[in-house]
Amino acid sequence: MREAAPGILPTIPFDRRSKVPFHRQIYEAYRRAILEGRLRPGQRLPSTRGLSAELQISRMPVLNAFDQLLHEGYLEGRVGSGTYVKEGIPDDLGRPAEVRQTRTPPGTRTRHAPRPIRSAGDDVPPDWALLGPFRASQPALDEFPRIIWGRLVSANARNLPVELMAYGDPAGYFPLREAIAQYLRTARAVRCEADDVLIVSGSQMALQLAARSLLSPGDAVCVEEPGYRGARDALRAAGAALVPIALDEEGIDVQAIQSRGRGARLTYVTPSHQYPLGTSMSASRRLDLLEWAERNDAWILEDDYDSEYRYASRPLGALQGMGDHSRVIYLGTFSKVLFPALRVAYVVAPPELRGGLLRLREAMDIFSPTLYQVVLTDFLRDGHFARHIRRMRAIYLARRNALVESLREQVGEALAIRGADGGLHLAAFLPAEVDDRMVVRLAAEHGIAAAPLSECYAGPASRGGLILGFGGTPEHEIPSAVQRLAQAIHAVI
Ligand SMILES: Cc1ncc(COP(=O)(O)O)c(C=O)c1O
């Protein structure tokens, strides 16, 4: 539905001392703005009253100009809802060639069209970034309790106290920090109080903050190999020299950190559910890593991105809660457990780092939008969050089972499944020598959004594979989607 708000006044050249009559100047200015694409089809124009007030002239020349534009088909009037730029303008005379090429054809709506989401290479958007079944990191957006959320958003938007419309605390809205601290202590065994929690706009921001405040260019940082590309990117952007460390079934190899990562200032890990392989780090490995950090005055960056969902056993407590938490920076996000476009995540950092993180956060974007922090606080406090997690566990378990079963039936031995015990994705190794990018590209042609495992390696991948998200794919769509994926796999192997 169109908004009822008045259109924005475009900047138009207007010279009250010119010999050109006012109505002609207005007509020309609007015509050019439309032809050059500065005013787009469907865009609402300001009212004639508003425009005449802005230009400080009588309404008559404005009415004349608009009449002519309406008559020539540049504009259209809708009863009771104002004047709009016509969908499909009459000619493109007078429009520069480059504008003609880049304009959207009349009637084409691009705003919500599916499009590549992120690029895997440095500049080329890859095929596997398309929306489609098995997209990694996608929660069940179709199951999100929109009615409850919508009610909370609209009630809070209507009643937001004026002080919450002003600049907010860079550390976040305090009641939300309290609610998160309570959740983390209870569900994740994190040691924290509300004061320790810093709200950020997504864990990607948290990774940037941690990297920039802890590292100097050239500092060695150990990362899981394979691991999360978003973390590698943030660490590299802060000048880190990455040291990829192999994993085994207990998690990151701490002995290798000690030998190959000598002098490292930081190790980035996903202990609860390793991204992408899905291993959970054993208790003894966690203790070894904590000891390494203690002994070397180094830091551990713990990314706890999707630990709410375990299907075989209860979720494991966080690494942060195992030690005296003085060397661990803990990150969590609402991107998986609620939805990624919310852009709310949190950091729990040792006291000595907090001031630096906060100053940097303030320098980046001052604070996160208050309205959604308030909404989220209500969502947590009123029990909707806990209910949502409980409900989603059953749904994700069904989706996971459908995927594993379909893969076994339709692809069989060609895929070795890993890490299906938790989270929203699984990893599946392809036979040695098979190029996973080729499989992914072919699968994308069938509308499947798998990601190649090789993308998760900082160095050369030891073996290709696929990352298959099941969180965002409804259970009944899984068998036919696997069938299309199987075609792509069988075409390559
Ligand atoms: C390992 C890991 N950490 C964090 C995130 C979430 O990041 P954000 O909170 O920026 O959406 C993801 C999402 O894909 C992830 O895979």
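First listed ligand is number 1; within each ligand, the first listed atom is number 1. Hydrogens, waters and symmetry mates play no part in the numbers below; they use all other heavy atoms, side chains included.
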* **Contact check: Tyr275 vs ligand 1, nitrogen or oxygen atoms, below 3.5 angstrom** => no
* **Lys/Arg N to Asp/Glu carboxylate O, Asp382 vs Arg151, below 4.0 Å** => no
* Among all protein heavy atoms, pick out the one at the shortest distance from atom 13 (C) of ligand 1; state its residue, atom name and that distance to 0.1 Å. => Lys336 NZ, 3.2 Å
* Asked: Where does the angle between the aromatic ring planes of His425 and His273 fall among parallel (under 30°), tilted (30 to 60°) and perpendicular (over 60°)?
  -> tilted
* Asked: What about Phe385 and Phe334, are their ring centers closer than 6.0 Å?
  -> yes
* Asked: For atom 12 (C) of ligand 1, which protein heavy atom lies nearest, and how many Å away is it?
  -> Tyr228 OH, 3.4 Å
* **Ionic contact status for Glu193 with Arg185, cut-off 4.0 Å** => yes
* Thinking salt bridges, do Asp297 and Arg327 make one under a 4.0 Å N-O criterion? -> yes
* Asked: Any idea which protein heavy atom is nearest atom 3 (N) of ligand 1, and the distance to it?
  -> Asp303 OD2, 2.6 Å
* **Part of Ser335 with heavy atoms under 4.0 Å of ligand 1, whether side chain, backbone, both or neither** => side chain
* Which residue and non-hydrogen atom of the protein lie closest to atom 14 (O) of ligand 1, and at what distance in Å? -> Ser137 OG, 2.8 Å
* To do: Starting from atom 8 (P) of ligand 1, locate the nearest protein heavy atom and write down its residue, its atom name and how far away it is, to 0.1 Å.
  => Ser203 OG, 3.3 Å
* Asked: Numbering the atoms of ligand 1 from 1, which are under 4.0 Å from a heavy atom of Gln204?
  -> 10 (O)
* Do the two ring centres, one from Phe367 and one from Tyr173, sit under 6.0 Å apart? -> no
* Asked: Would the Tyr305 and Tyr228 ring centres measure less than 6.0 Å apart?
  -> no
* To do: Mark up the atoms of ligand 1 that fall under 4.0 Å of a heavy atom belonging to Gly202, in ascending order.
  => 9 (O), 10 (O)
* Determine, using heavy atoms of Arg343 and all atoms of ligand 1, whether some pair is separated by less than 4.0 Å. => yes
